[in-house]
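Okay, structure first, notes after.
Sequential numbering from 1 along the given sequence is applied to the chain's residues. Since the model is a prediction, treat every value here as computed from it, not as a measurement.
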Amino acid sequence: MKRILVTGAGGSAGINFIESLRMSKESFYIVGGDINRWHLELPRIDKGYILPYYNEPDYMDKLNGLIEKEKIEMVHTQPDIELDIISENREKVSARVFLPAKETLRVCRSKLATNVILSRNKIPIPLSYQIGRIEDIPDIMKKLQKRNEVVWLRAIKGAGSKAALPVRSFRQAKEWIHYWRATKRLESKDFMLAEYLPGREFAFQSLWKDGKLVTSQARSRLEYYMGNLFPSGQSSSPSVAATVHRRDVNRIAARAILGIDKKATGVFCVDMKENEKGMPCVTEVNAGRFFTTSNFFSLAGVNMPYYYVKLAYGEKLPQLKQYNALPENLYWIRLPDKGPILVKGERWKSRKI
């Protein structure tokens, strides 16, 4: 029985990763680690442990102590900030990890660094500028508003649409940055202004081994999870998503990943949104961790977290399609206290009056 440690196990992404492993026919001994005692009551784990914060001096010692105590063979982590410390210290982790190269993860953590590489490789991205000083904002907005009156302001680093806000004026942008500076210690240089993309949004989840695509599936976010409570009107996680087959989405996502890492290994997820011409533009590339809703594809029949673990162990996988691993029009619907449910092919309970 494989012995797996999942850190960030009490978060939604960690819970769904664990659910995917539990869906497989193989039995796992799963240890969950998290900073939150209460949230560790949620995942289906065999043992749970409270880990220190990623930036505490004894984090690695405590992690390795847990690995030794529970005879852990493999570590998987979901939170970006924890992924950083594990990636940078992977040689010191006393269990296997299955991660892209350190530099790949460094690039993917910065949306600005990602944009530079993608632009160099002629991969479509939204026109974007880092904010050096607050005084630079009017000139940047003037350039971007030639394309759209709305401009997208967001943090350069961070998940979950961190500090994202559509703005129309210098004052809105300035006051938003001032708020984050006062409450979260972000400076103007931690933000970027980007072209607003008005079209459909896509998410591409994939597994890779030594630069070869193992399998992938794209979905469209149709409704945002608690999006009505976000100032931007959206979050990075959907309450309604549907599988899609789009050749351009698949091609652009794969090119983006290989543009960052020609020997891509592990899990890579790409966010895209259409511009006014309907062209999917890459807004970010996430490496080393799964989308929150990884259990969507797992329940539908393509269990990427399970295949990811098998790849880490060097085991043979079943025959998988590189692209469009699942049928189109599979819907994943969830709310905070209900679901998720999988609806196949427009088979709805409701009817128009």
Side-chain angles (χ1 to χ4, degrees), residues 1-36 39-49 51 54 63 66-67 70 72-87 93 95-100 105 108 159-160 203-208 214-217 219 225 236-238 241 265-271 286-313 315 317 325-326 332 334 339-340 342:
M1 186 183 296
K2 295 183 177 73
R3 302 177 74 90
I4 311 293
L5 169 61
V6 180
T7 73
S12 294
I15 291 168
N16 293 337
F17 175 85
I18 292 166
E19 282 299 307
S20 293
L21 296 189
R22 295 301 191 202
M23 285 180 208
S24 73
K25 294 180 180 179
E26 185 174 351
S27 295
F28 288 91
Y29 182 82
I30 301 176
V31 174
D34 205 287
I35 61 172
N36 191 308
H39 291 181
L40 278 172
E41 298 299 317
L42 297 171
R44 289 199 289 162
I45 52 179
D46 296 288
K47 290 275 187 70
Y49 292 89
L51 286 172
Y54 75 99
L63 182 75
L66 177 54
I67 289 169
E70 289 292 343
I72 297 299
E73 299 168 345
M74 178 183 174
V75 176
H76 172 70
T77 189
Q78 276 294 144
D80 276 338
I81 52 177
E82 210 166 10
L83 180 59
D84 282 352
I85 192 75
I86 288 176
S87 173
V93 178
R96 76 182 73 202
V97 294
F98 190 55
L99 295 172
L105 286 169
C108 290
F204 177 90
Q205 183 172 283
S206 60
L207 291 179
W208 298 74
V214 176
T215 191
S216 67
Q217 180 59 53
R219 58 180 167 83
Y225 192 69
S236 63
S237 192
T265 292
V267 56
F268 283 79
C269 297
V270 183
D271 283 331
N286 294 301
R289 62 170 176 81
F290 285 90
F291 281 131
T292 298
T293 54
S294 60
N295 54 336
F296 172 12
F297 297 160
S298 301
L299 187 62
V302 177
N303 194 331
M304 291 194 204
Y306 177 54
Y307 301 148
Y308 157 85
V309 171
K310 288 180 72 67
L311 282 170
Y313 276 78
E315 296 175 356
L317 298 182
L326 290 165
W332 192 242
R334 63 196 188 114
L342 179 65

Please enumerate all residues that pass side chain to side chain donor-acceptor pair (under 3.5 Å) together with N295, with sequence neighbours excluded.
N16
Between I35 and L51, the two heavy atoms sitting closest are CG2-O, 3.5 Å
Can you list the residues that meet the side chain to side chain donor-acceptor pair (under 3.5 Å) rule with E26, with sequence neighbours excluded?
K2, Y306
Once salt bridge (charged side-chain N to carboxylate O under 4.0 Å, His left out) is applied, do any residues pair with D84, and if so which ones, sequence neighbours excluded?
R109
Partner set under ring pair (Phe, Tyr, Trp, His ring centres under 6.0 Å) for F296, not counting sequence neighbours:
W332
Going by the rule side-chain contact (heavy atoms from CB on, under 4.5 Å), which residues pair with L42 if we only count those two or more places apart in sequence or in a different chain?
I15
Sequence neighbours excluded, which residues qualify as salt bridge (charged side-chain N to carboxylate O under 4.0 Å, His left out) partners of E19?
R44
Residue set satisfying side-chain contact (heavy atoms from CB on, under 4.5 Å) with S87, at least two apart, ordered chain then number -> R90, L99, K102, L105
Residues forming a side chain to side chain donor-acceptor pair (under 3.5 Å) with S20, sequence neighbours excluded:
S298
In chain order, what residues pass the salt bridge (charged side-chain N to carboxylate O under 4.0 Å, His left out) check against R96, with sequence neighbours excluded?
none
Could I get the full list of salt bridge (charged side-chain N to carboxylate O under 4.0 Å, His left out) partners for R334, not counting sequence neighbours?
none
Partners passing side chain to side chain donor-acceptor pair (under 3.5 Å) against Q78 (at least two apart in sequence or in another chain):
H76
Just to verify, what does F98 make a ring pair (Phe, Tyr, Trp, His ring centres under 6.0 Å) with, not counting sequence neighbours?
Y308
